[in-house]
Amino acid sequence: MYRDHSCGGLTADLAGRSVILAGWVHAKRDHGGVYFFNLRDRTGVVQVVAHPEQAEAFQAAQGLGLEFVVAVSGTVERRPEGTENPKLATGAVEVRASRITLLNACKALPFMVEDDVNANEETRLKYRYLDLRRPRMLGNLSLRHAVSMAARRVLDAEGFLEIETPILTKATPEGARDYLVPSRLTPGTFYALPQSPQIFKQILMVSGLERYFQLARAFRDEDLRADRQPEHTQIDIEMSFVEESDVHAVVEKMLKTVFRETLGVDLATPFPRMDYAEVMRRYGSDKPDLRYDLALSDCSEVFRQSKFKVFGETVRSGGRVTALTVEGTGVTRSEIDRLTDFIKAQGAKGLPWVRWNDPPESPILKFFSPEEVDGLRRSLGIAKGNITFFGVGEGYAPSVHLGTLRKEFLTNPDFSEKLGLRPAKPWAFLWVTHFPLLEWSPEENRWTFAHNPFTAPIEGELPKLDTDPGQVRSHQYDLVLNGVELASGSIRNHRGDIQRKILSLMGYDPREMDRQFGLLLNALDFGAPPHGGIALGLDRLVAILRGEDSIRDVIAFPKTAKGTCPLSEAPSTVNPKQLKELHIKLDVAG
Ligand code: ASP
């Protein structure tokens, strides 16, 4: 028998008991003729003592090095008074070893197996098996497991079937580049790895399965931004005969259980909902961090008659003046200048501001009438020491610029401290609904989908598809948590004619439509039920629950930002014979 107890489970009520443990040597100390080491298994660490009286164990202890694998037989003893370690769950006891069996040795370590690891990420990933031994990483993977299991349990109880969809498949349009796999059997053709199971999950609805889910891997060949992975996992859901609120309710139930079981937090449901148009006006972002109350105000009306051209003419020609007011006593003039540069770099023409001292200070104050100053004070609810920043322009642009500023205030610790911005709650969920159906793509000079090409427009707005496509709102919804987009989904077009019409608006001619979407379009024509769904980013959810900044820390074997795996050395060259079988000739420079 290798063991009969776990290291992390030894407490004072086991004092006097004989135990057998197995694990890794975590830290070793020689205290004047007595050897101490910490023994670690997945459940935690416990201190082992080897006294010279137990000669065999004592001798074995002498030869141990870090991360050696051992089995220890011994007796649980209370630690002598004053030597307890309250930081350790097992800190009240130690195991007096009678026998230590070496199960395996370990080479010199590239870094120490401890939470404050002193190694760069490349090295950590190369020796991922050592990195994952660290308690923090074990905790991350255990929590990931707990989240997956909770999701499965809730969805199972709600009548969902877990169904796998193909990995070797045809391109699925989610707006990214595909990973391609050459086919040996049909030379010159390729499979694509799925960017999502989108088409298959919709086809499962046409198949009458009604409720599907999958912890699905999605592959997107994007230039890797800081926290992207070429493959990520989503809790993928599709349901028949549902409206938006039905999909939301399932996700809320799932997250309520996940938060209760993993953090002991009781989330209030239903989560708040806000239309895209409103969220953009109030926060200048479709994923605002609503842990903070800070909202933008519209003060266009104050300036409708204004002689100050920049403001007045913008409003008179249909644009808007938007304001963001903060407690700004500590903000210096040079910081305002820096913020102005920052906003200009995002495409704004400038960053007008007023500091509400007595009298107010501002380079543009001389252009305001006394009524306008009063009007501002009233509509913004000003207090002394506040600073108001303005965004001016057409459509959502003025809010978007101030939304960027809002985000800078919340995320740059220099400002959040100074402005006294503290979260009003630890978890702020928000459903953002009714996104525009289409976005204009200036590069391609055509309409393209805002979410995916299968999203249904809001029924009453169908006629606008012919006259003003950009104004058509859709049944797309996103779930935002603390400023992060956690999930995204929509009610789909279940009627082939509407789906075709939308695709043709996006510039697909019938042949291209058939080539790319024929699979789905054919199925829709065979009695597709109304349906909708969502996909929730599992990696991101686990990272947030664990307070990890990077999703790489919650994925067992992630890729680097360059898309490589230092452990397996993927991607790698292959031998010429394999290429020949695939009828592939390389054309790689250098
Ligand atoms: N397929 C979508 C995505 O992966 C999610 C959905 O619409 O259900 O983002």
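Note that the structure is a prediction, hence the values are computed from the model and not measured. Counting starts at 1 for both ligands and their atoms, following the listed order. Sequential numbering from 1 along the given sequence is applied to the chain's residues.
- Closest protein heavy atom to atom 4 (O) of ligand 1: R220 NH2, 2.9 Å.
- Contacts of N452 with ligand 1, taken as heavy-atom pairs under 4.0 Å, involve the side chain alone.
- Ligand 1 is never approached by Q195 to a heavy-atom distance shorter than 4.0 Å.
- Residue D539 is tested with R144, H232, R552 for a side-chain hydrogen bond (donor to acceptor under 3.5 Å, both in side chains); the sole match is R144.
- In terms of protein heavy atoms, atom 5 (C) of ligand 1 is closest to S488 O, 3.4 Å.
- The shortest heavy-atom distance from G533 to ligand 1 is under 4.0 Å.
- Counting heavy atoms from C-beta on, the side chains of V242 and V250 never come closer than 4.5 Å.
- Counting heavy atoms from C-beta on, the side chains of T433 and R473 never come closer than 4.5 Å.
- Within the 4.5 Å cutoff, the side chain of Q499 has no heavy atoms near those of the F517 side chain.
- Under a 4.0 Å heavy-atom criterion, Q476 is not in contact with ligand 1.
- Y508 carries R446 over the face of its six-membered ring, with the cationic atom under 6.0 Å from the centre and within 45° of the normal.
- The protein atom (non-hydrogen) at minimum distance from atom 9 (O) of ligand 1 is E174 OE1, 3.7 Å.
- Contact check for M205 versus H494: no side-chain heavy atoms found under the 4.5 Å cut-off.
- Under 4.0 Å from ligand 1, the heavy atoms of R492 that appear belong solely to its side chain.
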